[in-house]
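Read through the structure below, which is laid out as C-alpha cells, and then see the notes.
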Amino acid sequence: MSETKEIHIPLGPSPEKWDLLSKGIDPFGDQMILQMGPQHPATHGVLRLELKTDGEVVTKITPYIGYLHRCFEKVAESVTYPQVIPYTERMDYLAGMNMALSYVLAVEKLREIEVNDRVETLRVLVCELNRIASHCVAIGTFALDIGAWTPLLYLFQVREHILDLLEELSGARMLFNYIRIGGLAHDIPTGWIDKVREFCTYMDPKIPELNGLLSYNKIYIERLAHVGVMSQDVALQYGITGPNLRATGFDYDMRRDAPYSGYEKYDFQPQIGAGEQGTPGDCWDRYIVRVREMEESLKIIRQACDRMPEGDVKETIPKSLRKMPEGEVYVTTEAPRGELGIYLVSDGTDKPYRVKARSGAYCSVAAVPAISLGGLIADLVAIVASIDIVLGEVDR
Amino acid sequence: MILHFLTQAVFWFLVILTVGSAIVVVFNKRILHSAFALLFTLCGVAGLYVFLSADFLAASQMLVYVGGILTLIIFGVFLTARMYNMSIPEQTHQRFLALLPVLGLGGIIFYVLNSAEWHLITPMVAPTTENLGKMLLTTYLVPFEVASMLLLAALIGAIRLARPRKEDHDD
Amino acid sequence: MTPEEICQKLQSAGIEVTYHDTKPDPFLLCTLQSYKQAALTLRDDPDLAFQSLMSLTGLEWPDYFEVASQLISYQKEHRVTIKVRCGKDDPSVPTLSDVWTIAEWHEREAYDLVGMTFAGHQDLRRILLPEDWEGHPLRKDYSPQERWHDISLTSEPPKTTHE
Amino acid sequence: MIALEPYLDLIISVVYVVGIVLFLSLFALFATWLERKVAGHIQDRLGPMETGGWHGWLQPIADAIKLLIKEDIIPAAADKKLFKLAPYLVFIGSLAGFAVLPFAANLIGSDLNIGVYYVIAVTSLVVIGILMAGWASNNKWSMYGAMRSAAQMISYEIPVALSLLIPVMMAGTMSMVEIVDNQAGGFWNWYVFRTMPFSLIAFVIYFWASLAEVNRAPFDLPEAESELVAGYFTEYSGIRWAMFFLAEYGDMFVVSAIAATVFLGGWYAPFPFLDIIPGPIWFIGKTAFLVFVQMWLRWTLPRLRVDQLMYVCWKIFLPFSFANLLLVGLWVVLKG
C-alpha cells in the first residue's frame, strides 16, 4: 500500500465535512467542493462562495460573507449623529454620496429639518454623478469578468472625470463627507456647474460607444442572455431592489414612485428589463438596465444644472445635535445597488440608540443561490458580476 | 566517426528511454505517474520509428498515441480517482504469479527474434507518405475501410452510451 | 393605506396587534403569538399585499429584545413597520423566513449581532462574524474578547518579544 | 586540425537550434512588450513607458530578470516531480514546432516531408504538459483549467488539421518549403486567395481554431482569470511560470507562422518586385501581423463559455471544414 498524502485544508466553516475529506472519505459522491473566494478574482472583494460542483455544473452554493465586517452599526451607536456620516460612506465606497444621503435624510426626518431647494438640487446632482461613477465600475468589472478587459478602462476614464469633479467639490475622491445633516459642507466652487455640463457633453458619446463595443457584442449576449434569470417572485421574496429589481421587468424606482430630496421635479424614465436578448431578468437585462440608467442620470444631471436655484447651503444646518427627539425612523433611498434603508432609533441623547443599514447588495448576495443553481461556473461568475455587489455594503 | 558515435548515442538514448520508462510504467505504484511515464515510452518508440525512416509513422505515433490515447488514459485516471486523495494504491502482491506468463511470452518472443531472418536494408530517405497513401487506397483498401467502419461503429456506440437515456430525461 | 388603517385591518381579522404612534414613523406591535399570523396576513391579504420584506432589525432595550421589520407593498404603494418583543430571559421570536425568504439572512444577522434566536429558523448560524466569535456586539453591555485565534482585538499594540 | 567538412551538418544544426531558442526567447520578450503596448493603445493609455527610455522597451528585460530571480515556490501538497516536469514539456512542445518553420527557402530547421503533419503531432506534448501541470498543482482551479485546456485543444486540433489539409491538397505535398514554393509570384498566388472562397474559409477557420489551440482570447478559458484564477498555472511562479508564458508566446508565433506559410505565401513578397527584400523579413512580418491580430482580438472580445466553445468547434467549425475539404478535393481532382 502506498502512503496517503496529507492535504492542507484551509480553515472552513464546516469542519466535520473537512474531517471526512481528510480521511479520504468523500461525503459528496461524485461531486466536488470548491471554495470560490474569499480571494478570487470574480467575487468582487472578499465574498466566499462554497460551491458543490458536478463537473463544471454548480449544484449547491453557500455564500459566506462578513470578511469586511466592521460593525458599522456598533460604531454608529458610539459616535454622535454627524460623526456617523463618514462611516456610512464607507459602506458602499463606490457611491459614498448616495450612502450619506440616506442617513442624512433619516436624521433630518427625525429632527424635522426642511432643507432648501438649492441643497436638494445639489444633493440630487452629486448623487446622480456618483451613481454614474458607480455604474461605471459595475459595468466595467462585469465586462472584465466576462473576459473583456477594455471596457473597464474606458469606463474608468468616465469615472475619473466624475471623481475629479467631486474632488473639486468636496476635497475627496471617494469618501466625500460632503452631504451634511441639514445641508451641505459648503457651496459649489465658481464655474463648477459649467464643468459638470462639460462632463455631460463628454459623456454623451460614451454610451453608444460602449454599446457598440460591448452591449450588443454577439459573444457577450451569448454569455449573458438566459443566464441567471431572476423572476419577479424571487426578486420580491429576496427583497431585491434597485436595478436588479427593475431588470426583472418590475417597474419601480423610488426616485419616481416615492420621491425624496425633490426627485419629483425631474423628468426621467426608470429603465426596466424586457428580456430583449433573452428572458426578462437575465444577466444581460441587469447589465443593460445599468447602462441605460447612466443615460437617465445624465438627463437628471442636466436638469439639475439648469434649474440650480440660489440659496444658502448651510442655512438649515442645526447649531447643535445634542438633543434629538426620541423616536424612530426608517428612510430609504435609491442607491446604485438597490435601496439603502436606514432604520434609526433615537433615545433622545446625542448618539443614535440603534442604526441599522439595510443594504441592497446584502439581499442580492442572499439571492445568488436561488438564481444560479444548475449553471456552469462561468455562469456563476457572470451572475455574481451582474448583481453588482460591493462587499463593503454587504458586510457593513 | 563522431557522427556515427552520435547516431549510436541517440539510438541508445532512445532505447533506454523507451525501456526505462516502460519499467516505470509497470512498477510505479501511482497509477498517474505510470500514465505520465507512458508518455516517454511512446515518445521513445516514435524516435525509434524515425531511425527506421518511418517519419510518417513517428508523427502518427505522437498524434494518435500521445495526443489521443494517452490523453484518454490520463482523463480516465482523473475521472476515476478522487481529487482529494492523490495516491491510488496499486497492489502488486501477485508479482511472482505474473512472472510465469512474462517468462513464457518472453521466451516466445526471443525464439521468434532468433529464428527470423532479418534483412538489413539501407535507410531510405524518400518520403514514405505518398507510398503509404497509395497503398492504403489500393492494396490495403479493404482492411482500411474495414478499420474505418469499425471505428465509426465504435463512435456511434460511444455516443449512444454517453447520451442520457430517455427515462432519465423525463424525471 | 396608512399604518393606522393597516392596524385596524389586522385587528378586524382577529389579530392581536397594537398601533404605536411614535414620531416620525409609527409602528405596529404584535404579540409573540400573533406575530406569525400577522405577517402571513400582511403578505396574503389582497388589500395589504406586502410582497417584500425590506429590512429586519434586532434591537436590545433595557428590559426586552425587539424585532422591527419594514415591509413594502409595491402594488398598494404603502409601507409599514411591524414589531415584536420578547423577554430577555427567553430571547426567542418566531421566524419569518418561511414568509419572506430574505428574512432568513436578516434573522441570521440579528442572531449574530444582537443574540436573539428565531424559533423555526432552518439555518441559524452567524453570518457576519466568524463562527467561533464570542458574544454579540450590538448588545449594550458587550465588550470584545481579547483575542480571536492569534489576533489581538484590544487596541493596545501587541507586545513584542524583541529585546 | 580536424576536418570540419563531415560535421558541417551537425554544426549547422546545433547553431540553428541555439539560434531558434534565442529567437523564441527574444520573440517572447518582444511579444510581451508588444502585448502591453497593443493593450495600452487599444485601451486609450500608453502601456509601459518608463523602463529604458523609448516607450519602455526595456520593460520585458526587467520582467525577465524579475522572474529569474524570483523565489521558486512549489506548494507543499503538490506532486513535486510532475510539477517540475510539466513546464518543460509544454515548452518543448512549443519549441519543437519551430523546427519546421521555413523562415526562408534555405533557412529552415528541417524540411521534413511531413512538415505540416509534424507540427500537429508535436502539439500533443503541450496537452500532456498542461494536464500534468493541472494535476500536479493539487489545486482544484488548476485542475479545472487543465481539463478545460485538454478538452479544448483536442477538439480544436481537428478543425485545425482539416483546414491545413486544404493547402496541402492544393500543393500536393506536406513539406513546408514546397508549399511555400507553390505560392511564389505575387499575393494572388497565395493559397488563401486561390480557389475562392474555400481556402479563405479554411484560413479563417484555421485562424480561429488556432486561437483556441493556443488558449488565446476569446478562447482563453483554461486560464480565464475571472473564473479559474489562472487556470493550470495558478500555482506556478517565477521561472516555471515564465516557461508557460514563453511557451504561450512561442505557440502564438508557431500557429501564426504556419498560417503565414501555408496560406499567406511564406517568405514571398506580395508583389514579385518586392522580392529584393529578404524572405525572412516577409515571413516574420506576416507572422508578426497575425500575432498582432491575436492580441487585437484578445483586448476586444469577451470570452466564450465552455459549452459555447465546444459548440463552436463541433457544430460550426467541424462541418464547415469537412464540407470545405470535400469541395476543395473535388476542385483539385477536376483541375488536375
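Chain A is the first sequence line, chain B the second, and so forth, proteins listed ahead of strands; every chain is numbered from 1.
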Bottom line for A:Glu77: the part with an atom under 4.5 Å from chain C's heavy atoms is side chain
Check each atom of A:Val394 against the heavy atoms of chain C and say whether the ones under 4.5 Å are side chain, backbone, both or neither. backbone
Within 6.0 angstrom of A:Phe72 CZ, more than 12 heavy atoms from elsewhere: yes
Does any heavy atom of chain C fall under 4.5 Å from the side chain of A:Phe250, the backbone, both, or neither of them? side chain
Can you say whether A:Leu245 sits under 4.5 Å from chain C via the side chain, the backbone, both, or neither, judging by heavy atoms? side chain
Under a 4.5 Å heavy-atom cutoff, which of A:Cys363, A:Cys71, A:Ala367 has the most pairs with chain C? A:Cys363
Would you kindly check if the NZ (Lys) or CZ (Arg) of A:Arg48 is within the cone defined by 45 degrees around the ring axis of A:Tyr64 and under 6.0 Å from the six-membered ring centre? yes
Part of A:Thr332 within contact of chain C (heavy atom distance under 4.5 Å): side chain
Tell me, for A:Tyr238 versus chain C, whether the close heavy atoms (under 4.5 Å) come from the side chain, the backbone, both or neither. both
Applying a strict 4.5 Å limit to non-hydrogen atoms, the region of C:Leu113 in contact with chain A is side chain
Which portion of C:Ile127 sits near chain A, non-hydrogen atoms under 4.5 angstrom: both
If one checks every heavy atom of A:Leu68 against chain C at 4.5 Å, the contacting part turns out to be neither
More than 12 foreign heavy atoms under 6.0 Å from CD of C:Glu16: is that the case here? no
Between C:Arg108 and chain A, which part of the residue has a heavy atom less than 4.5 Å away: side chain, backbone, both or neither? neither
Are any of the side-chain nitrogens in C:Glu60 or C:Lys88 under 4.0 Å away from the carboxylate oxygens of its partner? yes
Which portion of A:Glu112 sits near chain C, non-hydrogen atoms under 4.5 angstrom: neither
Would you please say whether a donor-acceptor pair under 3.5 Å links the side chains of A:Asp347 and A:Thr349? yes
Heaviest contributor of heavy-atom pairs below 4.5 Å to chain A, chosen from C:Tyr142, C:Trp100, C:Phe27, C:Trp61, is C:Trp61
Got a salt bridge between C:Glu66 and C:Lys83, using NZ or NE/NH1/NH2 to carboxylate O under 4.0 Å? yes
Among C:Glu77, C:Glu104, C:Gln51, C:Arg126, who wins on heavy-atom pairs under 4.5 Å with chain A? C:Gln51
Using a distance-only test with no angle check, is there a side-chain donor-acceptor pair under 3.5 angstrom linking A:Arg286 and A:Ser386? yes
Does C:Lys76 pair with C:Glu5 as a salt bridge, N-O distance under 4.0 Å? no
Would you kindly say whether A:Tyr263 and A:Glu334 are connected by a side-chain donor-acceptor distance under 3.5 Å? no
Of all heavy-atom pairs linking C:Pro94 and C:Leu32, the shortest is CG-O, 3.7 Å
A:Tyr330 versus chain C, the contacting section by heavy-atom distance below 4.5 Å: both
